[in-house]
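These numbers were taken from a predicted model, which means no experiment stands behind them. One-based numbering, in listed order, for ligands and for the atoms of each. Only heavy atoms go into these numbers, but all of them, side chains included; no hydrogens, no water, no symmetry mates.
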Amino acid sequence: MRALIAGAGPAGLYLAYLMKRQLPEWELRVVEQNPRDSTFGFGVVFSDRALEFLRADDPQTYERITPAMETWTDITVVHRGTPVVIDGIGFSAIGRLKFLQLLQKQLETAGILPLFNQTISPGQDLNEFDLVVAADGANSTIRSTAEFGTTVAPLSNKFAWFGTTRVFDTLTQTFVQNEHGTFNAHHYRHSPSMSTFVFECDGTTWAKAGFERMGEAGTIAYGEKLFADTLQGHKLVSNRSIWRNFPKVRNARWSVGNRVLIGDAQRTAHFSIGSGTRLAMEDAIALAKALAEFRSDVPAALASFEAARRPIVEKLVAAADASADWYERFPDHMRLAPRDFAWSYIQRSGRIDPEKLRQIAPKFVAG
Ligand SMILES: Cc1cc2nc3c(=O)[nH]c(=O)nc-3n(C[C@H](O)[C@H](O)[C@H](O)COP(=O)(O)OP(=O)(O)OC[C@H]3O[C@@H](n4cnc5c(N)ncnc54)[C@H](O)[C@@H]3O)c2cc1C
């Protein structure tokens, strides 16, 4: 049996590792368009449970990655210059490149090296493979080769993914206002010396600020001035940090024949809930399990994968959508006083009811 895994992001790398362990008779080819050691973005956060989903079944990967993660216990929401600390809602984070390198090392222990600098094109002949896995991200090429019933709806906010050398204590959401409109930065440290800094605003503010004509250097200078109090003299660092609209990707079918979608190719979950990477890896776990169960009956394995996994994914995606909706309306929420604003923020995905919040964040709720 031969499988092509398109994309060496978290979904593709982890699926290849699991398949090699569980289905050693399969011949696997992992193809990645980028060079080794190159990726977009800076860090990724994992919400409170972080990599706990790996601990029991895959302690080796858990042990390899967890020591490289930064962790903290609070979130800080800064509005009108006032920081409000929400205690007890822990996160962990890691640089995206570091994370991919650790997954690659893990894959090497199973004897597989991805083929870097190779791009799958839409017209490529894929007939030699018994299984074709689209792990090639939100703009998946494989997805365009069959009728998955795909919809891609861009959100209206604009964001750009930067880094900075300022090392923040907690995951912080900073909201500011100037003559052009309102802005938000999601920022947190992802290594002992670097933080991630995702800078976001609504479309009207973006147009008024003139970002379209500004170029990257201009955007950095603007961001450093706007967030001067937050950055405290530190610079923003770019890595292909272009302005984008977050795409909501959905698919009516997860598989067509022997082709299957996993990770962001299958659906995206707004970055504000810190779950896209975990979802991608959990897809890999579920798909490897289904393939191990059905062995050479690939269509049956793919149907079983979707039946088991879709309800779980849809629940999380609904929470991500609710969170994204809150960000789409953040200028309205900014009419609230700082503490009410922080309350609105923490309730945004509909996953934390007030009683549960009282248990996990007693100081914040008492305040
Ligand atoms: C601003 C922002 C912040 C985010 N923050 C977080 C966060 O804090 N926490 C979190 O969990 N998630 C976050 N995410 C989401 C997270 O990045 C994705 O959910 C996750 O990377 C999905 O993994 P994947 O393997 O499916 O896709 P990707 O990571 O996108 O990997 C796909 C791979 O396929 C390759 N590829 C694409 N096309 C081809 C082709 N034709 N041929 C060969 N290779 C190809 C790409 O180069 C890439 O390496 C964020 C996303 C954004 C945009």
Side-chain angles (χ1 to χ4, degrees), residues 4-16 29-47 49-51 53 69-70 91-97 99-100 103-104 114-124 126 132-145 154-155 157-163 171 184-188 190 195-200 239-249 261-284 287 313 316-317 320 323-324 327:
L4 171 73
I5 300 176
L13 289 171
Y14 198 49
L15 177 68
R29 189 185 300 173
V30 184
V31 174
E32 168 57 48
Q33 65 185 1
N34 285 335
R36 196 187 173 103
D37 296 334
S38 139
T39 189
F40 59 89
F42 285 88
V44 283
V45 279
F46 290 84
S47 57
R49 293 190 301 123
L51 297 182
F53 66 99
M69 298 184 101
E70 296 291 314
F91 278 86
S92 40
I94 186 167
R96 187 176 146 89
L97 180 58
F99 185 63
L100 294 177
L103 284 177
Q104 282 162 21
L115 305 170
F116 290 97
N117 299 305
Q118 289 196 21
T119 303
I120 308 277
S121 58
Q124 197 159 328
L126 302 172
V132 175
V133 182
D136 50 351
N139 299 321
S140 171
T141 297
I142 298 286
R143 199 176 57 210
S144 67
T145 67
L155 295 182
N157 278 5
K158 296 274 186 184
F159 73 90
W161 200 349
F162 289 99
L171 183 140
N184 160 239
H186 313 235
H187 49 98
Y188 56 88
H190 62 256
S195 294
T196 298
F197 202 93
V198 182
F199 174 13
E200 177 170 7
N239 176 16
R240 292 189 268 165
S241 304
I242 48 166
W243 284 105
R244 291 162 53 193
N245 294 68
F246 187 86
K248 258 192 198 179
V249 174
L261 308 171
I262 64 170
D264 276 14
Q266 181 204 91
R267 71 7 344 239
T268 52
H270 192 249
F271 54 84
S272 57
I273 67 159
S275 295
T277 307
R278 174 160 66 88
L279 277 175
M281 295 175 77
E282 287 177 335
D283 287 345
L287 180 56
V313 166
L316 235 139
V317 164
S323 178
Y327 278 91

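Residue Gly263 has no nitrogen or oxygen atom sitting less than 3.5 Å from a nitrogen or oxygen atom of ligand 1, judged on distance alone. Between Pro10 and ligand 1, at least one N/O pair is under 3.5 Å apart. For a threshold of 3.5 Å applied to N or O pairs, the pair formed by Val45 and ligand 1 contains at least one separation below that value.
The contact set between ligand 1 and Ala135, taken as ligand atoms under 4.0 Å from a residue heavy atom, comprises 32 (C), 33 (C), 34 (O). Near Tyr188, the atoms of ligand 1 lying under 4.0 angstrom from a non-hydrogen atom of the residue are 8 (O). Annotation for ligand 1: atoms under 4.0 Å from non-hydrogen atoms of Gly276 are 10 (C), 11 (O), 12 (N), 19 (O). Under a 4.0 Å criterion applied to the non-hydrogen atoms of Asn34, ligand 1 contributes the atoms 47 (O). The atoms of ligand 1 that sit less than 4.0 Å from any heavy atom of Thr141 are 41 (N). Ligand-side atoms of ligand 1 in range of Asp264: 18 (C), 19 (O), 22 (C), 26 (O), range being under 4.0 angstrom from any heavy atom. In the vicinity of Val31, heavy-atom distances shorter than 4.0 Å reach the ligand 1 atoms 43 (C), 44 (N).
Contacts with ligand 1 closer than 4.0 Å are made by side-chain heavy atoms of Ala280 only, the backbone lying farther away. In Ala6, neither the side chain nor the backbone holds a heavy atom less than 4.0 Å from any atom of ligand 1.
In this structure the side chain of Arg240 reaches within 4.5 angstrom of the side chain of Ser38, judged on heavy atoms. Counting heavy atoms from C-beta outward, Val44 and Phe271 have side chains that stay 4.5 Å or more apart. Side-chain contact check for Val45 versus Ser92: every heavy-atom pair is 4.5 Å or farther apart.
Here Arg244 contributes atom CZ and Ile242 contributes atom CD1; the two are 6.5 Å apart, rounded to the nearest 0.5 Å. Going from atom CD1 of Ile5 over to atom CD1 of Ile142 covers 11.0 Å, rounded to the nearest 0.5 Å.
Protein heavy atom nearest atom 42 (N) of ligand 1, with residue, atom name and distance: Ile120 N, 2.9 Å. Among protein heavy atoms, atom 14 (N) of ligand 1 sits closest to Phe271 CB, 4.2 Å. For atom 27 (O) of ligand 1, the closest non-hydrogen atom of the protein is Gly137 CA, 3.8 Å. In terms of protein heavy atoms, atom 25 (O) of ligand 1 is closest to Ala11 N, 2.9 Å. Regarding atom 34 (O) of ligand 1, its nearest protein heavy-atom neighbour is Gly7 CA, 3.2 Å. Shortest contact from atom 31 (O) of ligand 1 to any protein heavy atom: Gly9 CA, 3.5 Å. The shortest contact between atom 28 (P) of ligand 1 and any protein heavy atom is with Arg96 NH2, 3.8 Å. Scanning the protein heavy atoms around atom 37 (C) of ligand 1, the nearest turns out to be Asp136 O, 3.3 Å.
A side-chain donor-acceptor contact under 3.5 Å links Tyr188 to the backbone of Gly43. Panel note: side chain Thr196, backbone Gly163; no donor-acceptor pair is recorded below 3.5 Å. The main-chain N or O of Thr119 is never found under 3.5 Å from a side-chain atom of Gln33 such that the two would form a donor-acceptor pair. Remark: side-chain polar atoms of Asn157 are paired, donor with acceptor, to backbone N or O of Tyr327 under 3.5 angstrom. Put simply, the side chain of Asn239 never gets that close to the backbone of Phe42: no donor and acceptor are under 3.5 Å apart. Checked by atom type and distance alone, the side chain of Arg36 never pairs as donor or acceptor with a backbone atom of Pro114 at under 3.5 Å. A donor-acceptor pair is defined here as one N or O able to donate and one able to accept, closer than 3.5 Å; such a pair exists between the side chain of Thr268 and the backbone of Val249. Panel note: side chain Asp283, backbone Ile262; no donor-acceptor pair is recorded below 3.5 Å.
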Practice prompt. List the steps, then state whether side chain to side chain contact (heavy atoms under 4.5 Å, CB included) holds for Met281 with Phe53.
Written response: CA-CA 10 Å; Met281 295 175 77; Phe53 66 99; 4.0 Å; yes
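Within the 4.0 Å heavy-atom cutoff, Phe46 does not count among the residues contacting ligand 1. Put simply, part of Gln118 is less than 4.0 Å from ligand 1, judged by heavy atoms. The closest approach between a heavy atom of Gln266 and any atom of ligand 1 is not below 4.0 Å.
When Arg244, Gln33, Glu32 are ranked by how near their heavy atoms come to atom 39 (C) of ligand 1, first place goes to Gln33. Comparing Val30, Ile262, Val44 against atom 6 (C) of ligand 1, the shortest heavy-atom distance belongs to Val44. Evaluated by nearest non-hydrogen atom to atom 20 (C) of ligand 1, the leading choice among Thr268, Leu279, Thr277 is Thr277.
Here the closest heavy-atom approach between residue Arg143 and residue Ser140 is recorded as N-OG, 2.9 Å.
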